[in-house]
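Because only heavy atoms are used, hydrogens play no part in the values below, and waters and symmetry mates are left out as well, while side chains stay in. This chain uses plain numbering: 1 for the first residue, then up along the sequence.
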Amino acid sequence: MTRADTRLAAAPSRAPRTLAALGIGAAVVAALFLIDAFAPAFFPASLPTRAQDGLTLAISVLIESLPFVILGVVLSIVVQVWVPPGVIERWMPRRAWARRAVLSLLGMVVPVCECGNVPFARGLLMRGFSVPETMTFLIAAPIVNPIVIITTHQAFGFSDGILIARLVGGYLIANLIGWLYSRHPSPDALLTDRFRDTCELVVNEPGGKGRRTLAQFVVELRAVMPALVIGSALAGAVQVLIPRETLVAIGSNPALSIVAMMALAMVVAICSNVDAFFALSFASTFTPGAIVAFLLVGPLVDVKMLALMRTTFTTRTIAGIVVVVIVSAFFIGTLVNLLA
């Protein structure tokens, strides 16, 4: 099958995705109208005001994320096209667990947040790294990188062990996920068919490095940008649909506060480079363990990150990642509450 045939074969699959996105948008709009009609006291603001707030939030998330997505795409192209074969692999340990442990620290030299590490992880997969190895980097990089370390320290210092718990927790969760999926009998089945087709197109792309760079830039933007827009829209819509006061009201309970902050982290979709300052505003209301859970869950499985990961991994794979992250974050948050 030629490259043109592959593109034509993949084209019809976009229609159901478009219809699904339109369906989600219509459902959100319908929910807003129903709530406004049958429970007007549920929200203090009017429907037009909430709609404007939701649009503003969605655009802000999109603008905040876009530079990091572009950075991730550029770094991905550098890894795929410009770094000679064998250079990265030569520095990797031979044992699988050691390779995952090293890759989970790659964010220290490639400081991309959760918006940019998805394109970079796609580049690692196209270069030949295994799915579990790439997952380890994907989960660790938004937390284990110098920018996040500095901003978290600026917000909390070393008080209540929040900084240490975030770094160690993010590293352990990433390696746990990498180990779990390394046990999968067919790791390639964790990837979407569309991404595997993209890999074939990239590998067989003719021409020099300049042409391959341009082609890969277009391919990655076409794959990531729709997911980023949908994720940003969902983040804005969910924030105006779920009253934040409901989450804050249960902040003093050790267990419920962790659950509430994890839910908030998945909703607000703030970049991991600055989310510590947002969490700081809740420090006087919520327990330290709840703050740690927020700082772990947000960069890994917020609605924007899930939309981006869906460009590469199957829905079942993403659901498994979400379960592991939430259970692990709850355990770590509870441990921090007991020790703090």
Side-chain angles (χ1 to χ4, degrees), residues 13-14 16-18 20-21 23-24 61 65 69 72 76 100 103-104 112-126 129-143 169-170 172-199 220 223-235 237-238 262-272 293 296-330:
S13 64
R14 297 176 184 173
R17 297 174 185 270
T18 303
I24 292 173
V61 171
S65 307
V69 170
S76 171
R100 294 194 298 269
L103 282 171
S104 59
V112 290
C113 70
E114 71 270 22
C115 315
N117 70 337
V118 173
F120 189 82
R122 288 164 61 90
L124 293 178
L125 286 168
M126 293 178 186
F129 283 88
S130 71
V131 177
E133 291 170 354
T134 305
M135 278 184 175
T136 307
F137 162 79
L138 180 68
I139 301 300
I143 294 178
L172 292 179
I173 291 173
N175 281 274
L176 174 61
I177 290 175
W179 176 77
L180 288 173
Y181 281 102
S182 71
R183 316 298 295 176
H184 196 280
S186 178
D188 286 344
L190 304 172
L191 304 172
T192 63
D193 293 335
R194 188 173 182 181
F195 177 71
R196 286 198 292 267
D197 292 339
T198 301
C199 290
E220 287 299 316
V224 175
M225 284 305 299
L228 179 62
V229 172
I230 293 173
S232 300
L234 285 174
V238 172
M262 288 194 298
L264 185 63
M266 297 185 69
V267 167
V268 295
I270 299 177
C271 179
S272 62
L296 288 173
V297 170
L300 308 184
V301 291
D302 64 26
V303 291
K304 177 186 60 188
M305 179 65 164
L306 295 178
L308 289 170
M309 285 198 295
R310 189 62 184 86
T311 63
T312 308
F313 300 102
T314 64
T315 302
R316 185 174 181 178
T317 303
I318 295 174
I321 292 174
V322 170
V323 170
V324 175
V325 169
I326 290 178
V327 172
S328 300
F330 185 86

- CE of M262 to CZ of F330: how many Å apart, nearest 0.5 Å? 6.5 Å
- Message: Holding to side-chain contact (heavy atoms from CB on, under 4.5 Å), I want the full list of residues that pass it with L180, two or more places apart in sequence or in another chain.
- Response: L176, V324
- So, for P132 and Y181, which heavy atoms are closest and what is the spacing to 0.1 Å? CG-O, 3.6 Å
- Query: Can you tell if the side chain of L138 reaches within under 4.5 Å of the side chain of M305, non-hydrogen atoms only?
  - Reply: yes
- Query: For the residue pair M135 and I177, what are the closest heavy atoms and their distance?
  - Reply: SD-CG2, 4.2 Å
- Message: Can you tell me which residue among V131, L306, T192 is in a side-chain contact (heavy atoms from CB on, under 4.5 Å) with F313?
- Response: V131
- Message: List the residues meeting side-chain contact (heavy atoms from CB on, under 4.5 Å) with A189, not counting sequence neighbours, and say none if there are none.
- Response: H184, S186
- Message: Quick check: closest heavy atoms across P142 and F137, and the distance to 0.1 Å?
- Response: CD-O, 4.5 Å
- Note on the structure: CD1 of I139 to OG1 of T134, rounded to nearest 0.5 Å, is 11.5 Å
- Note on the structure: The single option from I326, V301, V325, I143 that satisfies side-chain contact (heavy atoms from CB on, under 4.5 Å) with L296 is I143
- Heavy-atom closest contact (E133 atom, F129 atom, distance): OE1-CD2, 3.5 Å
- Smallest heavy-atom separation, A329 atom then V297 atom, equals CB-CG2, 3.5 Å
- Set of side-chain hydrogen bond (donor to acceptor under 3.5 Å, both in side chains) partners for S104, sequence neighbours left out: N175
- Message: If I take atom OG1 from residue T311 and atom CE from residue M309, how far apart are they, to the nearest 0.5 angstrom?
- Response: 9.5 Å
- For S182, side-chain hydrogen bond (donor to acceptor under 3.5 Å, both in side chains) partners two or more places apart: none
- Could you tell me which residues satisfy side-chain hydrogen bond (donor to acceptor under 3.5 Å, both in side chains) with S328, sequence neighbours excluded, listed by chain and number? none
- Value for CZ (R194) from OG1 (T314), rounded to nearest 0.5 Å, stands at 15.5 Å
